[in-house]
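Keep in mind that the numbers below use all heavy atoms, side chains included, and drop hydrogens, waters and symmetry copies. If you're wondering where the values come from, they're calculated on a predicted model, not measured in any experiment. If you read the sequence from its start, that first residue is 1, and numbering goes on from there.
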Amino acid sequence: NSYGIPWLKIANVGKNGIDWSSASYFPDNFWLDYEGFRLFTGDYVMALTRPIISHALKIAVVDKNALLNQRVAKLIFDTNEEYGFQLLQRRTVVDRIESELAGTDPPNLGSGNLKNITISITSNNNEQSKIGIFFKKLDDTIALHQRQLDNHKDLKKVMLQKLFPQNIEKIPEVRFYGFTEEWELHKLGEYFKKYQNTVYLQDDVDYTQVSVRNTGVIECRGTKKGKSIGRKRQYVIDTEIYPNTLTFTRQTIYEGGIGFVPEHLQGAIVTENMPLLSMNGKMNKYFAITMFETFPYFRKVIEKNMPIGS
């Protein structure tokens, strides 16, 4: 059913809260029939099977009334509830829980595991309350910004389709006021030149590597000896000869993984999965980055030039 009383299963509990996208439902009468399994808005729950992912505990606050499924625990605290909720998320506590579960497959958390963990807490209820409220406000702010971020990402995906012509069309679906002329077809080579300064890594030489964030930031990933880098054929960034060097990762360009290389990364190396393109200035830099993120460009250019195995 897609209506009724939500059934909170272990798959719904994640490290970032509760995800109802794959929710199951019981008939409304189950709420009366299974009183012992009731969850109310504001209750705290934790996944008991594989409870930790990426060093974060799968623990959450229930955001609507639901019924509890097996392998999900309702948490009842002797301390201030919000304080206890935040305490369980501390890295030192999570590490101790992870140590308790080491060697089990799948890792299953029980009350016995928690009893074996020693923690340091304040017994002053007022201090617990202030600490709990402080972190709850932070969590609420983070959740608000995350929703805003998700909304902006969705808006960007829509506008990438509407502000750029699709397929062989010459006029976008949406235009800024005052622009009516048709778009023109041009070869990419009129604006960009791909360059490859090939280098074969030497074992005892230090090389600076770069990474591309999905925010479009190109940054230093660190420095390694050539012997510690798997692919021996790499390409050198040259921002002195090509100051407007654009690069991206083929795997994440559609998510925003594209940007111009800052000057201080002169001499850094990239693999063939990060093409180096010099822009000649005939196109607006920010328009160029956005154009590369559109799905038609991704389909026509990026996918067709994916290295095997990438």
Kindly indicate, with the supporting measurements, whether the criterion side chain to side chain contact (heavy atoms under 4.5 Å, CB included) is fulfilled by D28 and Y3. CA-CA 9 Å; D28 289 335; Y3 56 89; over 6 Å; no
Should L246 and I237 be counted in the same cluster of Ile, Leu, Val, Met, Phe, Trp and Tyr side chains packed under 4.5 Å apart? no
At what distance, to the nearest 0.5 angstrom, does CD1 of I5 lie from CG of L39? 11.5 Å
Quick one: does R50's side chain have a donor or acceptor within less than 3.5 Å of a partner on P106's backbone? no
K225/D206 ion pair, N-O < 4.0 Å: yes
Charged N to carboxylate O below 4.0 Å: is that the case for R231 and E272? yes
Quick check against the 3.5 Å criterion: does N113 have a side-chain atom that pairs as donor or acceptor with the backbone of L109? no
Among residues at least two apart in sequence or on other chains, which ones pass salt bridge (Lys or Arg N to Asp or Glu O under 4.0 Å) with D33? none
What residues join I269 in its hydrophobic cluster, counting side-chain heavy atom gaps under 4.5 Å, either direct or through other members? V199, L201, V205, Y207, I229, V236
Could you tabulate the donor-acceptor pairs under 3.5 Å formed by side-chain atoms of residues 71-83, not counting sequence neighbours?
residue, atom, partner, partner atom, Å
R71, NE, T49, OG1, 3.0
R71, NH2, N108, OD1, 3.4
N80, OD1, E82, N, 3.2
N80, OD1, Y83, N, 2.9
E82, OE1, Y44, OH, 2.8
E82, OE2, Q86, NE2, 2.8
Y83, OH, T122, N, 3.3

Salt bridge (Lys or Arg N to Asp or Glu O under 4.0 Å) partners of K194, counting only residues at least two apart: none
Is I241 reachable from L277 through a run of hydrophobic residues whose side-chain heavy atoms are each under 4.5 Å from the next? no
Taking it one step at a time, do K187 and E190 satisfy side chain to side chain contact (heavy atoms under 4.5 Å, CB included)? CA-CA 6 Å; K187 297 290 186 182; E190 297 178 39; 3.9 Å; yes
Do other residues, nucleotides or ligands put more than 12 heavy atoms under 6.0 Å from E181 CD? yes
Out of curiosity, N16 CG to K58 NZ, how far, rounded to the nearest 0.5 Å? 11.5 Å
Does NZ belonging to K227 count more than 12 external heavy atoms closer than 6.0 Å? no
Quick one: CD1 on I142 to CZ on R147, what's the gap to the nearest 0.5 Å? 12.0 Å
Exactly one of F40, F37, F26 clears ring pair (Phe, Tyr, Trp, His ring centres under 6.0 Å) with W31, and that residue is F40
For the residue pair N12 and S22, what are the closest heavy atoms and their distance? ND2-OG, 3.7 Å
Where the side chain of T247 meets the backbone of P275, is there a donor-acceptor pair that is under 3.5 Å apart? yes
Any donor-acceptor pair under 3.5 Å linking the side chain of T141 with the backbone of K137? yes
Under a 3.5 Å cutoff, is there a donor and acceptor pairing between the side chains of Q128 and N124? no
Check the hydrophobic clustering (I, L, V, M, F, W, Y; side-chain heavy atoms under 4.5 Å; chains of links allowed) and say if V261 and Y191 are grouped together. no
Once ring pair (Phe, Tyr, Trp, His ring centres under 6.0 Å) is applied, do any residues pair with F134, and if so which ones, sequence neighbours excluded? none
Can you give each donor-acceptor pair under 3.5 Å made by side-chain atoms of residues 60-70, sequence neighbours left out, with the distance rounded to 0.1 Å?
residue, atom, partner, partner atom, Å
D63, OD1, W20, NE1, 2.8
N65, OD1, T41, N, 3.1

Tell me whether K15 at atom NZ has more than 12 heavy atoms from other residues, nucleotides or ligands lying less than 6.0 Å away. yes
Applying a strict under-4.5 Å side-chain criterion to I, L, V, M, F, W and Y, I'd like to know whether M279 and V210 cluster together. no
Taking the basic N atoms (NZ, or NE/NH1/NH2) and the acidic carboxylate oxygens, is any pair closer than 4.0 Å for E219 and R213? yes
Would you say Q266 and T239 are linked by a side-chain donor-acceptor pair, where the criterion is simply a distance under 3.5 Å? yes
Show me the pairs that pass ring-ring contact (aromatic ring centres under 6.0 Å, His included) and involve residues 47-72, at least two apart or across chains. none
Residues passing the ring pair (Phe, Tyr, Trp, His ring centres under 6.0 Å) test with F260, sequence neighbours excluded, are none
Mind checking side chain to side chain donor-acceptor pair (under 3.5 Å) for E169 and listing every partner two or more places apart, or none if nothing turns up? none
Can you see whether H186 engages E184 through a side-chain donor-acceptor pair at a distance of less than 3.5 angstrom? yes
So for atom CD, which belongs to E35, do other residues, nucleotides or ligands contribute more than 12 heavy atoms lying within a distance under 6.0 Å? no
Sorted by chain and number, sequence neighbours left out, ring pair (Phe, Tyr, Trp, His ring centres under 6.0 Å) with F135 holds for none
Return yes if some donor-acceptor pair links the side-chain N/O of T290 with the main-chain N/O of Y286 below 3.5 Å, else return no. yes
Between I117 and M46, is there a shared hydrophobic cluster once you connect ILVMFWY residues whose side-chain heavy atoms come closer than 4.5 Å? yes
Tell me which pairs pass ring-ring contact (aromatic ring centres under 6.0 Å, His included) where either residue lies in residues 146-167, with sequence neighbours left out. F164-W183, F164-F287
Heavy atoms of L160 and Q166 approach each other most closely as O-NE2, 4.0 Å
Once rounded to the nearest 0.5 Å, what's the spacing between atom CG of N280 and atom NZ of K193? 11.0 Å
Would you say Q89's side chain and F85's backbone share a donor-acceptor pair under 3.5 angstrom? yes
Apply side chain to side chain contact (heavy atoms under 4.5 Å, CB included) to R90 and V94, showing your working. CA-CA 6 Å; R90 290 189 61 207; V94 175; over 6 Å; no
Just to verify, what does Y200 make a ring pair (Phe, Tyr, Trp, His ring centres under 6.0 Å) with, not counting sequence neighbours? none
Atom of G259, atom of I289 and distance for their closest heavy-atom approach: CA-CD1, 4.2 Å
